[in-house]
Engineer: 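After the structure tokens below, expect a handful of questions from me.
Quick caveat, the model's predicted, so the values are computed rather than measured.
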Amino acid sequence: MAEAADIQGMRTPAARRWLRRTASVVAGLPLVAGLLWGPGAPAASAAEEATGSRTVDVSLNTVTPASPGEKDTIRVTGTVINRGKQPISDAHVDLRVGQQLTGRAAIDRAAERQAEGRAFDPILDGSRIDDKYAVEIPRLAAGVSHDFSLSVPAGELDLDENGGVYQLGVSLSGQTPALGFDQVLGIERTFLPWQPEATEKRTQLTYLWPLISTTHLTSETGSDEQQTPVFEDESLVAELSPGGRLEQMVSLGSQLPVTWVVDPDLLATVDAMAEGYVVRQGDTTVPGSEKNQKIAQTWLNDLGKAVQGRTIVALPFADPDLASLAHRGKAVSGSLSHLRPATEVARTTVESTLLTTPSVDFAWPVDGAVDAAIVDVATSAGADNVIARSDSIGDDLAYTPTAARPIGGGTTAVVADSRLSRAFQGDMTRSDDSALAVQTFLAQTLALTLQDPEKQRSIVVAPQRMPTATQAQSMARALKALDGKRWTQPLDLTAAAEAKPDADANTRVPRSSEYPSKLRKQEMSVEAFREISGTQKNLDMFEGILTQADRVSTPFGRAIDRQLSTSWRGNPQGAQQYRGGVQTNLKNLTEEVQLIQKSDVTLSGRSAMIPVTVQNQLVQGVDDLVLRLTSQSPTRLGLDDKAIAEQPVRVGGGHSQTVKFPAVANANGQVQMTAQLFTKDGTPYGDSMAFTVKVSEITPQVMLVIAGGVLLLVLAGIRMYTQRRRAAASAADGSGGTAAEEAAEGTPGTGTGEDVGRAGDGPDPGQASDLSPDTRPESADPSGAGEKVDR
């Protein structure tokens with residue numbers, strides 16, 4: 001107890017420094033014993049728990065400069081929080097430099113220790129820097145946080161003049177009521193890449209900067225001349241606005257030596273918004289705001305300036321899911337046919353929006369995971385380079401080889417480094433996570449270069465497809481830290497693909513069984529490809545009858561490309577809804593060209609014309625349609641002596657056309673008729689229409705006329721009989737009428753009567769079909785009961 005009292009009574013700075021150093025050594029003794037005697041390791045773990053090195057949460061906000069030179073002063077800022085239940089007294093925050101980490105695997109192990117929150121280790125975590133650089137915190141109450149800022153000249157760190165990677169730690173030490181001596185209560189670790197002089201051979205570093213988004217445009221467009229595009233929602237505006245994900249990608253990327261990798265669908269979508277658009281809202285649409293139009297215009301202008309004179313790689317339009325196409329799409333005929341048109345559209349889209357010619361010679365499967373089938377599909381549209389990743393095409397080498405390597409068939413696999421590519425995939429919203437990611441990235445690039453400093457290699461980094469704004473900011477900080485070019489130098493992707501391959505690098509493409517199961521589970525289903533195939537067939541048929549097919553082929557063709565997009569991974573429900581929306585929209589358009597339903601009609605006489613009306617409610621005309629009328633009983637009612645008759649159909653936009661078929665009746669009775677539209681290649685178009693024709697050679701009207709004629713004859717006979725009796729009576733009385741008087745009475749039965757229609761009285765058979773469209777739309781209501789055909 002006396003010794004403890006003596007220790008607590010030591011309050012001079014010199015005494016405290018002695019106490020801290022002694023405590024650090026004492027705390028490390030159990031660990032050393034564990035290392036020496038092996039089986040005693042569990043005791044070391046218990047001793048580590050006793051140190052309480054998890055009591056305080058230490059977080060690092062910034063490390064500047066991230067890659068210091070020998071004349072720089074390293075400044076570390078952060079926050080400490082007392083997570084314990086007791087206050088901490090005489091606390092101090094110190095900088096610690098651990099052992100030099102040799103090789104990339106050593107960096108991986110150190111990163112794992114930090115991620116797992118391992119307790120303080122005096123050997124691995126190293127000794128603290130001189131007291132004069134410590135930050136004193138007299139008292140830190142339970143649950144209270146305290147910000148700190150440490151500044152230490154690089155020359156005080158005793159680092160190797162030849163360079164290397166070191167673990168850098170920031171610890172908080174102090175006393176608690178339970179333990180009245182100085183101890184490490186919390187530590188945070190990061191990395192310090194140290195290269196005071198430029199290496200003899202600098203690593204050529206290619207960093208891909210992706211501009212990719214999700215699908216925002218529907219297949220629907222307005223009926224106006226400009227075909228105003230319809231957006232699913234306004235979510236894209238947030239990405240384009242200041243501080244948004246895509247705005248940050250452009251503003252940051254404009255200052256970095258990167259290779260832009262662009263999905264042309266994003267450019268086309270932003271361009272459509274800039275020109276004027278509407279937004280889907282329930283069953284209707286509302287105009288997009290002028291403010292949002294200006295945001296889109298500004299983003300496109302800024303991007304155009306950023307990419308001038310830079311390498312741009314354009315992915316096939318909408319960034320198709322190459323793995324899904326390779327593993328499941330090939331089972332559905334026609335699925336692979338979308339790739340080449342998507343590549344051609346990609347080139348023209350970039351040229352028209354950014355006024356520069358892109359490279360379309362690269363394919364980028366999801367996460368760079370490849371197998372033989374994916375490579376075949378990826379190159380089927382003309383790309384000679386496939387961006388893979390080293391965790392897919394691995395190497396059993398002591399160093400990281402150059403990215404480019406031939407894999408056969410004239411194809412080059414550009415193998416991105418997996419460690420560097422995944423460096424910023426985590427949540428970068430916390431400044432400490434971002435700072436650690438930046439330092440880890442820099443440490444890995446330096447360790448890679450130091451593997452063989454006399455041999456220059458070309459390394460590619462392919463990050464996540466859609467980085468968040470904070471991820472983009474972290475990536476930019478890391479690349480900015482390499483501006484000194486002490487161990488790396490920038491190289492664009494096209495040059496990286498042409499670099500001389502490493503003779504010892506692996507060139508074997510993985511088998512299909514080696515493809516990651518996690519990624520395979522996210523692929524599109526075969527049923528999804530069947531739906532897309534059905535939509536494409538309906539689109540092809542519809543285009544064949546239109547006089548302005550491009551008004552339909554462009555929006556729907558691009559919508560089909562979007563159904564194949566990689567961005568649907570992890571969102572199968574959204575993908576299904578989008579496919580359903582495209583199908584419904586196309587169906588609604590095709591139904592604007594239809595047959596007007598007829599009611600039962602009556603044919604009077606032996607021959608007549610049967611009219612069938614085709615209605616076109618589209619804004620453009622239709623052509624190359626054939627209307628076929630079929631009699632189910634041609635022996636009773638034939639169509640020009642046949643069971644089937646056909647007429648060509650051409651109808652202007654917003655009009656109707658009535659097509660007349662000559663019919664000949666051979667017997668009375670009812671006959672079922674069927675009308676059906678066909679395309680010029682014989683494919684049925686739309687629904688068929690059935691109606692009934694009642695055949696009657698002697699109709700009630702004709703019978704009435706005949707009965708009237710008989711009645712007139714009877715009346716005339718009666719009149720003649722009466723006249724003769726009167727004449728006879730007059731002769732008997734000696735008086736009679738003269739011949740002139742008889743003539744004045746007139747001859748009965750010669751008055752003008754209504755003519756009865758007959759075969760041949762109708763229109764000229766040579767003019768059976770009136771090909772001139774009406775000047776106004778025809779009503780789609782059914783014909784009235786008792787409809788009569790033309791005779």
Side-chain angles (χ1 to χ4, degrees), residues 210-251 253-254 260-282 284-307 312 314-315 317-319 342 345-356 358 465-469 472 550-563 565 567-568 574 577-578 581-582 585:
L211 287 182
I212 300 172
S213 185
T214 55
T215 295
H216 300 279
L217 270 176
T218 70
S219 58
E220 187 177 357
T221 60
S223 58
D224 54 324
E225 188 66 28
Q226 293 75 26
Q227 287 190 269
T228 301
V230 179
F231 278 67
E232 197 70 46
D233 52 43
E234 293 272 30
S235 60
L236 181 59
V237 177
E239 296 188 73
L240 301 175
S241 299
R245 185 182 73 84
L246 291 172
E247 187 275 337
Q248 286 288 285
M249 291 294 292
V250 171
S251 61
S254 64
W260 299 83
V261 179
V262 180
D263 175 8
D265 181 29
L266 174 60
L267 302 183
T269 301
V270 179
D271 187 54
M273 177 177 285
E275 294 296 326
Y277 67 105
V278 296
V279 182
R280 170 60 57 193
Q281 196 173 82
T284 185
T285 58
V286 295
S289 71
E290 292 185 6
K291 176 184 176 182
N292 293 343
Q293 282 184 247
K294 292 180 180 178
I295 290 174
Q297 291 167 356
T298 299
W299 187 85
L300 270 183
N301 291 336
D302 291 345
L303 176 60
K305 296 174 184 176
V307 301
I312 300 179
L315 301 174
F317 193 92
D319 186 19
V345 172
R347 186 194 304 275
T348 58
T349 301
V350 174
E351 289 176 343
S352 62
T353 54
L354 299 181
L355 304 180
T356 186
R465 270 175 152 75
M466 289 186 279
T468 65
D550 60 301
R551 287 180 63 91
V552 171
S553 61
T554 298
F556 278 96
R558 302 294 75 77
I560 289 176
D561 289 338
R562 295 182 184 107
Q563 293 178 60
S565 177
S567 66
W568 294 118
Q577 290 175 348
Y578 188 79
V582 175
N585 189 21

Engineer: Taking the side chain as everything from C-beta on, heavy atoms only, tell me whether Ile295 gets closer than 4.5 Å to Asn292.
Structural biologist: yes
Engineer: Which pair of non-hydrogen atoms, one from Arg562 and one from Pro555, has the smallest distance, and what is that distance?
Structural biologist: NH1-O, 4.5 Å
Engineer: Okay, side chain of Thr284, backbone of Gln281: is any donor-acceptor separation there less than 3.5 Å?
Structural biologist: no
Engineer: At what distance, to the nearest 0.5 angstrom, does CG of Asp271 lie from OG1 of Thr349?
Structural biologist: 9.0 Å
Engineer: Grab the two heavy atoms, one from Pro264 and one from Leu315, that are nearest each other, plus how far apart they are.
Structural biologist: CD-O, 3.1 Å
Engineer: Between Asp265 (side chain only) and Phe317 (backbone N and O only), is there a donor and an acceptor less than 3.5 Å apart?
Structural biologist: no
Engineer: Is the backbone N or O of Gln297 less than 3.5 Å from a side-chain atom of Asn301, with the two atoms forming a donor-acceptor pair by type?
Structural biologist: yes
Engineer: Salt bridge (Lys or Arg N to Asp or Glu O under 4.0 Å): which pairs involve residues 216-240, sequence neighbours left out?
Structural biologist: Glu220-Arg280, Glu239-Arg245
Engineer: Distance-only, no hydrogens or angles: does the Thr554 side chain make a donor-acceptor pair with backbone N or O of Arg551 under 3.5 Å?
Structural biologist: no
Engineer: Which pair of heavy atoms, one from Gln293 and one from Ala274, lies closest together, and at what distance?
Structural biologist: NE2-O, 3.2 Å
Engineer: Over all heavy atoms of both residues, which pair between Pro229 and Ala272 is shortest? Give the atoms and the distance, please.
Structural biologist: CG-CB, 3.7 Å
Engineer: Tell me, with the steps shown, if Phe231 and Leu217 meet side-chain contact (heavy atoms from CB on, under 4.5 Å).
Structural biologist: CA-CA 5 Å; Phe231 278 67; Leu217 270 176; 3.5 Å; yes
Engineer: Can you list everything that forms a side-chain hydrogen bond (donor to acceptor under 3.5 Å, both in side chains) with Arg465? Sequence neighbours excluded, please.
Structural biologist: Asp319
Engineer: Are the side chain of Trp260 and the backbone of Val250 linked by a donor-acceptor contact shorter than 3.5 Å?
Structural biologist: no
Engineer: How long is the span from the CG atom in Leu354 to the CG atom in Leu300, to the nearest 0.5 Å?
Structural biologist: 7.0 Å
Engineer: Taking all heavy atoms of Val582 and all of Phe556, pick out the closest pair and write down the distance.
Structural biologist: O-CE2, 3.7 Å
Engineer: Looking at every heavy atom in both Val345 and Thr348, which two are closest together, and how far apart are they?
Structural biologist: O-OG1, 3.0 Å
Engineer: Distance-only, no hydrogens or angles: does the Thr218 side chain make a donor-acceptor pair with backbone N or O of Val230 under 3.5 Å?
Structural biologist: yes
Engineer: I want to check something: taking the side chain as every heavy atom from C-beta on, are Pro467 and Met249 in contact at a cut-off of under 4.5 Å?
Structural biologist: yes
Engineer: Do Glu247 and Ser241 make a side-chain contact, defined as non-hydrogen atoms from C-beta onward lying under 4.5 Å apart?
Structural biologist: no
Engineer: Within a strict 4.5 Å, meaning less than it, do heavy atoms of the Ser567 and Thr215 side chains meet?
Structural biologist: yes
Engineer: I want to check something: taking the side chain as every heavy atom from C-beta on, are Val270 and Leu246 in contact at a cut-off of under 4.5 Å?
Structural biologist: no
Engineer: Determine whether Ser219 and Arg558 make a side-chain contact, defined as any pair of heavy atoms from C-beta on separated by less than 4.5 Å.
Structural biologist: no
Engineer: Distance from Ser251 atom OG to Leu303 atom CG, nearest 0.5 Å?
Structural biologist: 11.5 Å
Engineer: May I ask you to test the Leu266-Leu236 pair for a side-chain heavy-atom distance under 4.5 Å?
Structural biologist: yes
Engineer: Are any non-hydrogen side-chain atoms of Thr285 and Thr228 less than 4.5 angstrom apart?
Structural biologist: no
